[in-house]
Amino acid sequence: METFQALLARKLAEALSAADLPPAGSVTPATDPRFGDYQTNTALVLAKQLGENPRALAQKIIERLDVSDCCDPPQIAGAGFINLTLRPETIAAKGAELLRDERLGVEKATEPKRIVIDFGSPNVAKPMHVGHIRSTVLGDALARIASFLGHEVIRDNHIGDWGTQFGMVIYGWKNLLDRPALERDPIAELVRIYKETNEKAAADSKVREAVREELVKLQAGDPENFSIWKETVDLSMKEFERAYQVLDIHYDIQRGESFYNDRLSAVVERLLKSKIAEISEGAVCVFFRDIPELAEKPAIIRKSDGGFNYATTDVATVDYRIQDLKADTVWLVVGAPQILHFKQIIAIARREGYTADFRHITFGSILGEDRKLMKTRSGENVPLRDLLDEAVQRARKIIEEKNPDLSESEKIDIAQKVGIGAVKYYDLSQYRMTDYIFSWERMLSFQGNTAPYLQNAYVRIRSIFRKAAVAAPLWGAPEDAKLVLAAPEEENLATRLCQFAEVVPTVLNDFRPNILANYLFELANSFHAFYEACPVLKSEEPARSSRLALCELTARVLHRGLDLLGIAVPEKM
RNA sequence: GCGCCCAUAGCUCAGCCGGAUAGAGCAUCGGAUUUCUAAUCCGACGGUCGGAGGUUCGAGUCCUCCUGGGCGCGCCA
């Protein structure tokens, strides 16, 4: 199904061709209702290129622009904009068409790609904390959107399950472990033994030496240390799974760092052989002397003591994703501090001849009310589990105040959807690069650009259909419903519904789910205005059927849109 | 020292490819409910878009410099 934007762009291109003009400019949604529904700056762009008068060019263009089947006559305005206004019956017809379309008008990508999305990536033997929210929630939303757009998505959790910290963990396990505590709360106990070992090591060189030996033994494949390592990984994975269940996040594969261990030496040998890497001060390094910003920043892929590091692992990871998974594109949803590291990794991939499209998708930090990195009162990372529990509890409290008649099972379900949805939406509704201040009050507010506000719009619609079903079974509008757009609120709502298909693909231009979030907020806003102005069930035909259809479509778009963000909607709240 | 990111209303944030008079929410003030969830809606108030130059018909958006904040920069991940 062609969007209005695509339709008008096509007609504009035809007009330009008929006028012997080169393609230029673009058709965009109007910046102000006074300018109609869509506008194009084509005449302005061409005027610059050709050195002609923009308004005269605009005139020449609209003489050949045939939009009589969908729009009022095009208007020239301002410096030479061409404004286009859709006719209500055009919008009504599109709305009726959307009602029959499972995809709500969203076209699949013309060139589907195989995309590996690397997001989340928690560390073993450490609790997931507030810092994991952005990567996890953003990566999941991008995966859902890319998948809906017809791409083949492989969600990969690149778990931090290998590294020098295991020297500490294994030493602590052997010397400090409290078994009953481990059974009660595995992660807490792992953290405790890690911390205590760290303190001992700081004070005592013998402990430092012992820790190092444990690490060497693990890396050499010592059976006891390996089984301790394996157990910590298994315990951690169980903990991660719990969080992912609460967050409704699902991975296709979970290739931790350890997965690449037996590929590392081959990676280094290959890079040495191809002269991409060289030996410097005893370490194997890759220099980027021809890339100014990396000229003095070599990547070390084998330490002078012979050990491998995370750069080695990431080079192997690139290999695996391209060679084994056959990815066209790799999206790395990893925080901004690793920009330099990934520039190096991607530069190495280029030298190895990989042509895949690598995107490092970075994001800002979550701050506390004090505008510093969000921490607990004692200065520690806020455990994700505690944060999600609190979200659900707070949502529950609000629901009990506002709607005490709900059953217990309904309250549990709603608190879950509202609380978790609020956390996710608060994150996704903001531009990913900005640091944001975490605020329960704001994210759980029923006013403004929040999950509860959007969920409430959906709930109100469902309530209408429940009420309608008392008189006669009706759980949704019939697919052959006709739209009649009389009131301005009806036309405005219908117009917005038609824009869903235009908005969804733009999210991937620059990986900005907040564009979709903003759209959904405006949609809910338009719906509420409609809801205030236009009674549904009490209205006469044909308005009643038309309004029911608008409600149905709005509910579907809200449901689908929130689903693309990874957010669930309750039927009541 | 070098590099990356950020700076928009009192507060929290939008503003994708440069477009017309820079928008929301909160807060403040004023309205709307015998109602399908008022958990909402309508209106008012509120801005030298950190500063200075530049490119352009047109700059919050692009370029240069400066200020302030965050992060990173050879053997942690």
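So that the names make sense, note that chain A is the first sequence line, chain B the second, and so on, each numbered from 1. Predicted model only: the values in this text are computed from it and were never measured.
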Looking at the side chain of Lys297(A), which of U35(B), C75(B), C73(B) is the nearest nucleotide?
C73(B)

Protein-nucleotide distance (Ile437(A), atom CD1; A7(B), atom C1'), rounded to Å
13 Å

Should the side chain of Asn83(A) and the base of A20(B) be counted as holding a donor-acceptor pair, with the cut-off at 3.5 Å?
yes

Test salt bridge (Lys or Arg N to Asp or Glu O under 4.0 Å) on Arg359(A) and Asp510(A); report intermediate values, then the result.
CA-CA 10 Å; Arg359(A) 301 297 181 95; Asp510(A) 193 33; over 6 Å; no

Does the side-chain ring of Phe35(A) sit on the six-membered ring of the A20(B) base, less than 5.5 Å centre to centre and under 30° in tilt?
yes

Take the protein atom CD1 of Ile76(A) and the nucleotide atom P of C57(B), then report the distance between them rounded to whole Å.
20 Å

Looking at G23(B), I'd like to know if its phosphate oxygens (OP1 or OP2) sit under 4.0 Å from a side-chain N or O belonging to Asn518(A).
no

Just name whichever nucleotide pairs with G47(B), Watson-Crick or G-U, keeping both distances under 3.5 Å, else none.
none

The nucleotide from C36(B), U56(B), G74(B) with an atom nearest the side chain of Ile300(A) is G74(B)

If I pick the C1' atom on G47(B) and the same atom on A7(B), what distance separates them, to the nearest angstrom?
15 Å

Look at the side-chain N and O atoms of Tyr453(A) and state whether any lies under 4.0 Å from the OP1 or OP2 oxygen of C41(B).
yes

Between C11(B) and C57(B), how far apart are the two C1' atoms, rounded to whole Å?
38 Å

When you measure from the side-chain N and O atoms of Asn525(A) to the phosphate of C41(B), is any distance below 4.0 Å, counting only OP1 and OP2?
yes

Which class fits the ring pair Phe4(A) and Tyr38(A): parallel under 30°, tilted 30 to 60°, perpendicular over 60°?
perpendicular

Can you tell which of C4(B), G15(B), A77(B) lies closest to the side chain of Lys343(A)?
C4(B)

Look at Gln447(A) and C26(B) and indicate whether a side-chain polar atom (N or O) is within less than 4.0 Å of OP1 or OP2.
yes

Between A59(B) and G74(B), how far apart are the two P atoms, rounded to whole Å?
42 Å

Would you call the rings of Phe527(A) and Phe530(A) parallel, tilted or perpendicular, where under 30° means parallel and over 60° means perpendicular?
tilted

Does a side-chain N or O from Thr434(A) land closer than 4.0 Å to OP1 or OP2 of A14(B), or not?
yes

Separation between the P atoms of C36(B) and C45(B), rounded to whole Å
34 Å

Same-atom distance (C1') from U21(B) to C66(B), integer angstrom
31 Å

Between C13(B) and C76(B), how far apart are the two P atoms, rounded to whole Å?
37 Å

C71(B): pairing nucleotide in any strand, Watson-Crick or G-U under 3.5 angstrom:
G3(B)

Can you tell me, in whole Å, how much space there is between the C1' of G72(B) and that of C62(B)?
26 Å

Integer-rounded Å distance: G3(B) C1' and Gln338(A) CD:
16 Å

Picking from G19(B), G72(B), C13(B), which would you name as closest to the side chain of Gln430(A)?
C13(B)

Complement of C26(B), any strand, by Watson-Crick or G-U distances under 3.5 angstrom
G10(B)

Measure the distance between the ring centre of Phe81(A) and the centre of the six-membered base ring of A20(B), then answer whether it is under 5.5 Å with planes under 30°.
yes

Ring centre gap for Phe511(A) and Trp331(A) strictly below 6.0 Å
yes

Taking atom P of G70(B) as reference, at what distance in whole Å does atom CZ of Arg432(A) sit?
22 Å

Looking at side-chain heavy atoms only, is the closest gap between Arg512(A) and Tyr431(A) below 4.5 Å?
yes

If I pick the C1' atom on C49(B) and the same atom on A24(B), what distance separates them, to the nearest angstrom?
16 Å

Assign Gln165(A) to base, sugar-phosphate, or nothing according to its heavy-atom contacts below 4.0 angstrom with the strands shown.
nothing

Give the ring-plane orientation class for His158(A) versus Tyr260(A), where under 30° counts as parallel, over 60° as perpendicular and anything between as tilted.
tilted

Between C16(B), C36(B), C57(B), spot the one nearest the side chain of Leu537(A), thanks.
C36(B)

